[in-house]
Amino acid sequence: MWIGFLIATGAVIILFRIRSMRQAILGWPQTRGRVFPESIVFQRSGWSLFTKGKELYIVAVSFEYEVNGVRFTGCKLLPVGWTIRKNEQERVRRELVEFSTVLYNPSDPHDAYLDIPDRFQRGSISWTTVALILSIIIMILFVITAALSFSDSS
């Protein structure tokens, strides 16, 4: 039972760090990104046991952006939420080229992430948040189970 509790606690810590990092990045300054269309690659994602038949993909991409007159190149995507369905590839390809936004670290403009504006308004959800909530619930259930086991043995 304690192993499950430790695994759930570890998952909560990792997911919270990912979510916190994403929230911090969203607070960084933004600039318009220029995506190289030939660099957009869709790769099958997910563990086949859970994604069988769903044909989910993640995107790999290179982009260029300018900060204070200096040009930079990047390839990191905003963490979380980039899994797309096969039938969305053309829409995502078009939006990457036309509407991409780069969020860059103000203290180190080399550190930047690509995002598509209004992506979450189109029905995407943050799977990290969902997983974080589920991990917290599992952790609480382990604590309740341990407390009940402890009170029964007394």
Side-chain angles (χ1 to χ4, degrees), residues 4-143:
F5 174 76
L6 292 174
I7 291 170
T9 302
V12 166
I13 291 168
I14 290 168
L15 292 168
F16 186 76
R17 281 189 51 95
I18 291 170
R19 189 172 184 281
S20 297
M21 182 178 86
R22 184 180 178 285
Q23 291 305 108
I25 291 168
L26 288 173
W28 287 355
Q30 298 180 5
T31 188
R32 178 84 165 88
R34 182 178 160 265
V35 171
F36 305 116
E38 65 278 0
S39 75
I40 301 171
V41 178
F42 294 97
Q43 303 163 332
R44 186 175 279 285
S45 72
W47 189 25
S48 61
L49 179 65
F50 295 112
T51 61
K52 189 174 184 178
K54 294 182 183 172
E55 297 196 49
L56 298 175
Y57 293 81
I58 57 173
V59 67
V61 63
S62 294
F63 56 93
E64 187 177 73
Y65 59 102
E66 191 173 309
V67 177
N68 298 327
V70 179
R71 287 193 181 207
F72 298 94
T73 303
C75 62
K76 295 187 289 187
L77 301 173
L78 185 66
V80 184
W82 277 89
T83 305
I84 61 166
R85 290 178 180 79
K86 187 175 185 176
N87 63 355
E88 294 178 307
Q89 287 184 9
E90 284 311 309
R91 176 187 60 80
V92 170
R93 182 181 305 277
R94 182 179 58 252
E95 289 179 0
L96 280 169
V97 172
E98 294 176 14
F99 304 111
S100 39
T101 299
V102 175
L103 300 134
Y104 63 92
N105 185 339
S107 58
D108 180 14
H110 286 97
D111 187 18
Y113 293 86
L114 185 69
D115 193 19
I116 300 174
D118 301 325
R119 182 164 44 94
F120 291 101
Q121 281 74 19
R122 286 192 291 274
S124 296
I125 76 171
S126 172
W127 290 108
T128 302
T129 302
V130 171
L132 178 61
I133 291 168
L134 289 174
S135 297
I136 290 170
I137 290 169
I138 291 169
M139 191 175 71
I140 290 169
L141 289 175
F142 275 115
V143 168

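All values below come from the heavy atoms of this structure, side chains included, with hydrogens, waters and symmetry mates left out.
- Annotation for Cys75 and Phe63: closest pair N-CE2, 3.5 Å, computed over non-hydrogen atoms.
- Between Leu103 atom CG and Gln30 atom CD the span is 5.0 Å, to the nearest 0.5 Å.
- Residue Arg17 qualifies as open at atom CZ: its count of foreign heavy atoms under 6.0 Å is 12 or below.
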Decide yes or no on side chain to side chain contact (heavy atoms under 4.5 Å, CB included) for Trp28 and Tyr113, but give the supporting numbers first.
CA-CA 10 Å; Trp28 287 355; Tyr113 293 86; 3.8 Å; yes
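- Checking Asp111, Ile25, Leu114 one by one against Lys76, the side-chain contact (heavy atoms from CB on, under 4.5 Å) holds for a single residue, Asp111.
- A donor-acceptor distance shorter than 3.5 angstrom exists from the side chain of Tyr65 to the backbone of Pro109, with no hydrogens or angles considered.
- Across Val61, Val97, Leu96, a single residue satisfies side-chain contact (heavy atoms from CB on, under 4.5 Å) together with Pro37, and that is Val97.
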Val102/Arg34 under side chain to side chain contact (heavy atoms under 4.5 Å, CB included): CA gap, chis, key distance, verdict:
CA-CA 9 Å; Val102 175; Arg34 182 178 160 265; over 6 Å; no
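- For Pro106 against Pro29, the heavy-atom pair with the smallest separation is CD-CD, 3.7 Å.
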